Number of protein chains: 2
Amino acid sequence: MKFEVTILGCGSATPTLRHWPTSQLVNHDEHYFLFDCGEGAQLQLRRYNIKFQQINHLFITHLHGDHCLGLPGLLSTMHLLGRTKDLNIYANAALQEAIEIQLRVSYSRLRFQLKWHPLSYDEPQIIMENAKLQVMSFPLNHRVPCCGFRISEKPKPRNMIPQMIEKYTIPFVRIRQIKAGADYILEDGTVIPNADLTLDPAEPKSYAFCTDTAFAEKTIDAVQGVDLLYHEATFLEKDRQRAYDTFHSTASDAARVANMAGVGKLILGHFSARYHDLNPFLEEAESVFKPVVLANEGLCFKV
Amino acid sequence: MKFEVTILGCGSATPTLRHWPTSQLVNHDEHYFLFDCGEGAQLQLRRYNIKFQQINHLFITHLHGDHCLGLPGLLSTMHLLGRTKDLNIYANAALQEAIEIQLRVSYSRLRFQLKWHPLSYDEPQIIMENAKLQVMSFPLNHRVPCCGFRISEKPKPRNMIPQMIEKYTIPFVRIRQIKAGADYILEDGTVIPNADLTLDPAEPKSYAFCTDTAFAEKTIDAVQGVDLLYHEATFLEKDRQRAYDTFHSTASDAARVANMAGVGKLILGHFSARYHDLNPFLEEAESVFKPVVLANEGLCFKV
């Protein structure tokens, strides 16, 4: 089952020609989830051939422009290309007003519904779930209300051993129960224990997206044990004071979170425009935690 | 004196990787004027090394997203980079509300003033002038209120012949009067006629920007005799019905305006995403008017 993250933008507030503002797409079993939507996100979706009409859930961490200014253009294009399906937006309640006025002044009457889901910035909350995963929001520590998101797969059904179906002539209608853990009882009353019929399923995977934020203890709890963590690293250690003043993280802050939360792998992003060489981010983070990779536009990470 | 137009974007509403949405920069004697500000305009300004803090006047034809969605990001970046100078915005009055709400929800308090100049969509109006030029807005024929803009140089001072300054020992303080047309009177009362002291100045130049619009007689009056005309050409003749339905022009509509207005040169732009080969735009226009060029990102035209 596919579970991957494509980086559409990993720059920060001041735009550069090297990085786009924040946006990334999570594809879970061909369900598409957009996380943040900086200016130009729709172009990046085009560039990487992502069918953006398949995005039904859109999550916005906070309302600084580099995380949400691509939204009006994306909505407008979805409309122009004939979308009729609802679009769920999980964001600060204030965004709804800004988007509705933007649509009104541009004479846009969308043919599809926007379903607004206001975020809470007080405590972690499950904000969305389907049969296979759930998405939790949790507060970050930025200078404006800001949430991270954790996408966690639900426990998967056990894997049926195909030969057993044949051996015991198990009818199709019973397979689902057996995959859920049931034994199988033969006509003569013999019980075939589930352990003989199935194999353990793959472990549920999880991904967390943390931007923008200063280092915070509570983040560690929220991302505990995720397989893949994207954590902002706007600054290097030499600019720690600047990170502190602006409620951002350094590369080693991000690595401390990864280390203390015992995550599988760390992706760094949200690089300040002031740095042309990003290798020191990798070096600083790797002195605390491994494995670490640097985000870059177009990179696709398997969770 | 420099008077040139740089194309930042010449695509239309549906974004493509070939063209950016509409935006262009006019540089008149190192005064910068931005016309329309589609999503990503600030990146295009970066790409072409245009110092966008020098833009003090920004003109928005109409409020369809592909002409103005780059504005919040541009304002935010101007702020982040320390701007304190006023910025004049000439646009539909409704834009002010949308921008102010966008700034409020993103917690942005600009350190510079936005000076809003609401446009009239009833008749041509002079909306801005300085010592060397004036900008006129004039109504276009689109399905929402929309203005074109004409930038006209004022008559220039006559050119002083340097040798005459020496010959008649003309003091520096008199030069300005002579350039304005005055004769010079020697101490013995001899009148040196202006015609002996100066040469005719260059003709004042003018540029007009017409997007988005269907063909309209009134456009011809407004752009009469400009040296350079940018006119939208969203469609080809084979899609004339679509142009009619959406209040856009075909390439030959644009050429008819250029021809009937006796302009010096025509630039076509605002190409629909449906066309991959743009050469037919040139062919259709050239059958009506010459010279014609196709807009493209990064092209710079002298007026």
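This one's a predicted model, so the numbers in the text were calculated from it and none came from an experiment. The analysis underlying the following values was restricted to heavy atoms, covering all of them including side chains, and did not include hydrogens, waters or symmetry mates. Below, read A as the first sequence line, B as the second, and so on, with proteins coming before strands; counting in each chain starts at 1.
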Asker: Take atom CZ of B/Phe52 as the centre, draw a 6.0 Å sphere, and report whether it contains more than 12 heavy atoms from other residues, nucleotides or ligands.
Answerer: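 Enclosed: over 12 neighbouring heavy atoms sit under 6.0 Å from CZ of B/Phe52.
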
Asker: Quick check: under 4.5 Å, non-hydrogen atoms only, which of residues 98-112 of chain A neighbour chain B?
Answerer: A/Ala98, A/Ile101, A/Gln102, A/Arg104, A/Val105, A/Ser106, A/Tyr107

Asker: With a 4.5 angstrom heavy-atom cut-off, is it the side chain or the backbone of A/Ala41 that approaches chain B, or both, or neither?
Answerer: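 When you check distances to chain B, only backbone atoms of A/Ala41 fall under 4.5 Å.
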
Asker: Measuring heavy-atom distances to chain B, does A/Thr77 have an atom under 4.5 Å in its side chain, in its backbone, in both, or in neither?
Answerer: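 Side chain of A/Thr77 only, per the 4.5 Å heavy-atom cut-off to chain B.
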
Asker: Mind ranking A/His62, A/Glu97, A/His67 by heavy-atom pairs under 4.5 Å with chain B and telling me who comes out on top?
Answerer: A/Glu97

Asker: So for A/Asp66, is it side chain, backbone, both, or neither that comes closer than 4.5 Å to the heavy atoms of chain B?
Answerer: neither

Asker: For A/Leu43, is it the side chain, the backbone, both or neither that has a heavy atom under 4.5 Å from a heavy atom of chain B?
Answerer: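 Answer is both: backbone and side chain atoms of A/Leu43 are under 4.5 Å from chain B.
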
Asker: Going from CG on B/Leu17 to CD on A/Gln44, what distance comes out if it is rounded to the nearest 0.5 angstrom?
Answerer: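 One finds 8.5 Å between CG of B/Leu17 and CD of A/Gln44.
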
Asker: Heavy-atom count around B/Arg242 CZ within 6.0 Å, excluding the residue itself: above 12?
Answerer: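 Atom CZ in B/Arg242 is not crowded, with 12 or fewer foreign heavy atoms closer than 6.0 Å.
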
Asker: Looking only at heavy atoms, which of residues 113-124 of chain A get nearer than 4.5 Å to chain B?
Answerer: none

Asker: Report the distance from atom CG of A/Leu69 to atom CD of B/Gln42, rounding to the nearest 0.5 Å.
Answerer: 8.5 Å

Asker: Hey, is NE2 on B/His79 packed in by over 12 heavy atoms from elsewhere, all under 6.0 Å?
Answerer: yes

